[in-house]
Amino acid sequence: MSEGLHTQEVSRDTRLLPKCAAIVVRDLQLLVRRPGQMLQILGFFVVVTVLFPLGYSPELGKLRLIAPGVLWVGALLASLLALEGLFRDDAEDGTLEQWLLCGQPLAALLLAKTAVHWLLTGLPLTVLAPLLAVTLGVSIEAAPGILLALGLGTLALSLIGSIAAGLTLGLRRGGVLLSLLSLPLAVPVLIFGARATELVIQGDSPTAALYLLASLVVLAITLAPLAAAAAVRIGLE
Amino acid sequence: MPELSIENLHVYRGEQHVLRGLNAQVSAGQCLQITGENGAGKTTLLRVLCGLLPAESLQLTWRGRVCSPQDAEYHQGLSYLSHAAPLKADLTGWENLRFLLSLRGVWQAERVGALLERLGARRFADRPVRSLSAGQRRRLALVGLVASQSQLWLLDEPTTNLDSAGTRLVTELLSEHLERGGLAMVATHVSLDIAPSALQSLHLTSGDGARRVA
């Protein structure tokens, strides 16, 4: 009986890209079913930013000075909130195990997952940021610079956070530990990102800081998925 | 020549030495039924063979080649069904199957449609999995298992939550899989109604490792 269907081998599509596309499509479907999580994160970002004029000073001149820090810390905390669910939902219902067993490099699948996660949380945060900056007295002309800086920054944060999200999979409530693990790694992103934003707001050229930010993104794309894959394997044990 | 051979498997879970020097061989067309009391290591054994848990030592031979349980090529030939059906609650059964099978590169809509029909899952395949019962979810997971066309099935309690008709269906699917030259390792206490010549069993006892019964 050994010369049955199996020994003739089933036609199996072994290309990697269709698998990554399947992950993207599925996560978009999930978002359509439950848009709540994304809206909560955006809401958090808005509320944190709007609290500053109330708690500090309503003077636009003063607010403009602290605007880069406020935007970046707000965006950082909002992306950390979002990262909690990055792999956890899939780990809890057992679908993540199937990713490990599909015969594709896990790092590539996790990169696709992290990229779509950024698309659904980091990108909306980025788009929202110039509008919030206006409420802090920043001119709308700074918008392109702020978009670019935060776009790169949130991408780096999602990638860095994916490592910590993998490591905290095995824990029941990993939220605080996830923050403690990712924040130190996120410091360079915060420094260069806030610097770029500050330069943009003052009307100077932010090129140098943006280059450094972009190099951090490249580094994160190269190394974070490998680390995240190792972390997820440990987290699922 | 066995398609799958496991030699000298030792597994620790924390301080506990769960599997002690286990050996097993499964040939094409054979099913190895794993029994044992709760905590004897049935699930651990299956998860180690999937590469989801690390083994202290293991010599694994698959299709005549020594490999690691994390090899991509080995994974492409196996399907693992754990006791929880791997389905997203917010998606419909159809969407879930589409994703799982696309991930393995074996998505064929007609084939899945026919299998849904056969497993009596067609009428609820368009509903979100959240609204389905555990037995209905299990039927969807079984559709995914058969449609993935893997040669090696690793099944952990495949009949949980199924009614008696569903249990019969599982043994029927299993027999067909074996007739096609497939292999299976099934952790279950239900007596499997398949040809005795195709059935071996392995009894795990906590403490002293494994004993081969027949």
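Just so you know, these numbers come straight off a predicted model, no measurement behind them. First the proteins, then the strands, lettered A, B, ... as listed; each starts at 1.
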With a 4.5 angstrom heavy-atom cut-off, is it the side chain or the backbone of [X] that approaches chain A, or both, or neither?
{"X": "B:Gln76", "result": "both"}
{"X": "B:Gln70", "result": "side chain"}
{"X": "B:Ser148", "result": "backbone"}
{"X": "B:Ser82", "result": "side chain"}

Trace of the side-chain contact (heavy atoms from CB on, under 4.5 Å) decision for A:Asp13 with B:Val106: CA-CA 7 Å; A:Asp13 181 356; B:Val106 288; over 6 Å; no

Any donor-acceptor N/O pair, [X] side chain to [Y] backbone, under 3.5 Å:
{"X": "A:Gln98", "Y": "B:Leu101", "result": "no"}
{"X": "B:Arg104", "Y": "A:Leu101", "result": "yes"}
{"X": "A:Arg12", "Y": "B:Gln149", "result": "yes"}

Where B:Ala72 and A:Gly103 come nearest, the two heavy atoms and their spacing: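 Smallest interatomic distance, heavy atoms only, reads CB-O, 3.5 Å.
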
Which atom of A:Gln29 lies closest to which atom of B:Leu91, heavy atoms considered: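 Looking at all heavy atoms of both residues, the closest pair is CB-CD2, 3.8 Å.
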
Partner chain B: residue of A:Val32, A:Leu236, A:Ile23, A:Thr14 with the largest heavy-atom pair count (under 4.5 Å):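 The answer is A:Ile23.
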
Those residues of residues 47-56 of chain B, ordered by number, that approach chain A below 4.5 Å (heavy atom to heavy atom):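 Hits under 4.5 Å: B:Arg47, B:Cys50, B:Leu52, B:Leu53, B:Pro54.
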
Residues in residues 86-97 of chain A that sit under 4.5 Å from chain B, counting heavy atoms only: A:Asp89, A:Asp90, A:Asp93, A:Gly94, A:Thr95, A:Glu97

Best-contacting candidate, B:Glu95, B:Arg98, B:Gln108, B:Glu73, against chain A by heavy atom pairs under 4.5 angstrom: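 The candidate making the most pairs under 4.5 Å is B:Glu95.
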
Verdict with reasoning, A:Arg33 to B:Arg130, per side-chain contact (heavy atoms from CB on, under 4.5 Å): CA-CA 12 Å; A:Arg33 302 285 146 80; B:Arg130 180 177 299 291; over 6 Å; no

